Amino acid sequence: MPTTNTYSDPHNLFSVPDITPEKYGDKFSGHGDIPVYLPAHYSHFDAHELIAVASALVNPRGRGIYATDEAPLDLDGLLDKTSHEVGVPVQHLSDEAKKERRKQWRCDVYNSISNEHISGIILHAESLHDFNLGPLLSSKGIIPGIRANGELTPIPRAEHEFIVQGLDGLLGKLQAARALGARFSKWRAPIACSSHIAGYPTSISLQIQAETLAQFAAVSQQAGLVPIVEPDVDFSRDADLSKSVHVHEAAISMIYERMKAHGVLLEGTLLKPSFPQPGLRNNERPNVTAEEIALATATMLTRCVPIAVAGVLFLSGGLSSDTATSYLSALNELVASAPERSALKRLPPLTFSFGRAIQGDALKCWVKGDKDGMKTMLAKWSKISADAANGPKVKN
């Protein structure tokens with residue numbers, strides 16, 4: 001029986017030919033059968049591929065995603081800032097030289113990273129289209145993904161809340177990304193969060209972000225890509241932990257409500273949330289423990305994430321590497337130690353989609369020209385992140 005794998009050429013770039021899952025099963029689930037009921041409008045082959053890729057991104061337990069989707073200007077700024085921090089003179093480069101520097105960083109990282117702990121990598125369009133780095137990752141057994149969201153524009157008369165641009169023409173962009181090797185996509189939606197007095201987020205912003213993420217997810221699956229929806233709740237303000245939990249729960253519940261309305265196949269999706277936490281301007285933040293964050297996070301997830309969702313991958317955001325991994329470790333330890341009848345036992349795999357937490361130390365080495373050190377730091381923090389996602393080891 002002929003077989004292909006998840007990285008095969010897209011069958012549905014412009015049309016869907018007459019094919020069967022029995023003929024085109026992949027290495028993740030063999031003959032292609034999927035144990036879920038599908039409405040008539042779903043293609044069994046498409047559903048099979050989506051579910052297979054979603055599962056591969058969070059299994060076996062402990063593997064996660066490395067986020068490398070910084071926009072070119074943001075990456076330029078990060079490279080310059082890191083150079084300054086480690087005492088390397090910041091050069092005034094031409095636009096072409098900056099692009100070449102970005103390409104070299106991406107190539108060095110992607111050549112160094114291992115698939116032992118990293119299941120997938122999120123790429124910026126520049127890395128996928130201009131640098132053509134998707135095939136490099138696929139050849140290493142790492143699934144390439146694409147950042148789908150565009151830039152931000154303020155919601156009218158709400159300058160601290162934003163609309164995420166990029167839905168116009170999204171289907172064609174994602175089909176092109178799939179042709180270059182991408183098998184999943186990610187859309188980040190920022191959500192303001194403050195004390196009840198300041199009043200963030202507003203109900204209109206939650207509605208806008210939920211609808212946008214749902215439309216993105218539907219289009220992504222139409223293009224044959226697993227959608228990762230990322231409600232990134234802000235913690236720069238004065239919200240306490242209780243308010244942060246409430247906002248996460250409200251936002252994520254609303255997102256799945258709209259995703260169901262748009263006919264999204266939940267088994268072929270992933271969630272990338274932030275950890276509920278007190279804001280930077282809240283007095284309780286310095287004293288909050290990883291165990292408190294874990295309990296708040298786990299409780300929130302049980303209340304708003306449908307059981308059909310394939311997995312949850314946490315973002316590190318502005319957290320340090322130590323803090324992000326300590327939160328993830330405490331969360332998985334809590335789930336592992338919960339009673340068998342606890343709702344926590346019904347949670348999907350809880351892993352990572354870290355950027356800064358994995359590459360922060362590696363970047364410091366790279367700007368100094370220490371590529372061996374860069375490789376060591378990438379391996380170190382990938383393993384620490386994987387250990388955090390694994391939870392405590394089972395004792396015989």
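Scope of the values below: all heavy atoms of this structure, side chains included, with no hydrogens, waters or symmetry mates. Since the model is a prediction, treat every value here as computed from it, not as a measurement.
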Within the distance-only criterion (no hydrogens, no angle test), does the side chain of K345 pair as donor or acceptor with the backbone N or O of V335 below 3.5 angstrom? yes
For residues L347 and V312, determine if any side-chain heavy atom of one lies less than 4.5 Å from a side-chain heavy atom of the other. no
Evaluate salt bridge (Lys or Arg N to Asp or Glu O under 4.0 Å) for D95 paired with K99, printing each intermediate quantity in order. CA-CA 6 Å; D95 290 345; K99 184 173 184 178; over 6 Å; no
Checking S220 side chain against F216 main chain: does a donor-acceptor pair fall under 3.5 Å? no
Within the side chain of K173, is there an N or O that forms a donor-acceptor pair under 3.5 Å with the backbone of A148? no
Under 3.5 Å: donor-acceptor pair, side chain of R258, backbone of E211: no
Test item: side-chain donor near acceptor, S236 and D234, under 3.5 Å: yes
Taking the side chain as everything from C-beta on, heavy atoms only, tell me whether C365 gets closer than 4.5 Å to D372. no
For a quick test of reading the model, state the closest non-hydrogen atom pair linking V233 to H248 and the distance between them. CB-CE1, 3.4 Å
Expected output: side-chain K103 to main-chain D130 donor-acceptor under 3.5 Å: no
Please report the C-alpha distance between R237 and H160 in whole Å, then the side-chain angles of each, then the deciding distance to 0.1 Å, and finally whether the side chain to side chain contact (heavy atoms under 4.5 Å, CB included) criterion is met. CA-CA 11 Å; R237 294 180 172 86; H160 297 296; 3.5 Å; yes
Okay, side chain of R178, backbone of G224: is any donor-acceptor separation there less than 3.5 Å? yes
Checking L137 against L123 for the side chain to side chain contact (heavy atoms under 4.5 Å, CB included) test, could you report, in this order, the C-alpha distance in whole Å, the side-chain angles of both residues, the deciding distance, and whether it holds? CA-CA 10 Å; L137 297 176; L123 286 72; 3.5 Å; yes
Looking only at atom types and distance, does a side-chain atom of Q209 sit under 3.5 Å from a main-chain N or O of F162, one as donor and one as acceptor? yes
Would you sort out whether R101 and D80 count as a side chain to side chain contact (heavy atoms under 4.5 Å, CB included), showing the intermediate values? CA-CA 11 Å; R101 181 178 64 165; D80 288 343; 3.0 Å; yes
Please step through side chain to side chain contact (heavy atoms under 4.5 Å, CB included) for the pair N282 and L241, ending with a clear verdict. CA-CA 9 Å; N282 187 280; L241 181 57; over 6 Å; no
Within a radius of less than 6.0 Å around CD of Q91, do more than 12 heavy atoms belonging to other residues, nucleotides or ligands occur? no
Specify whether F275 and F314 have parallel, tilted or perpendicular ring planes, treating 30° as the upper limit for parallel and 60° as the lower limit for perpendicular. parallel
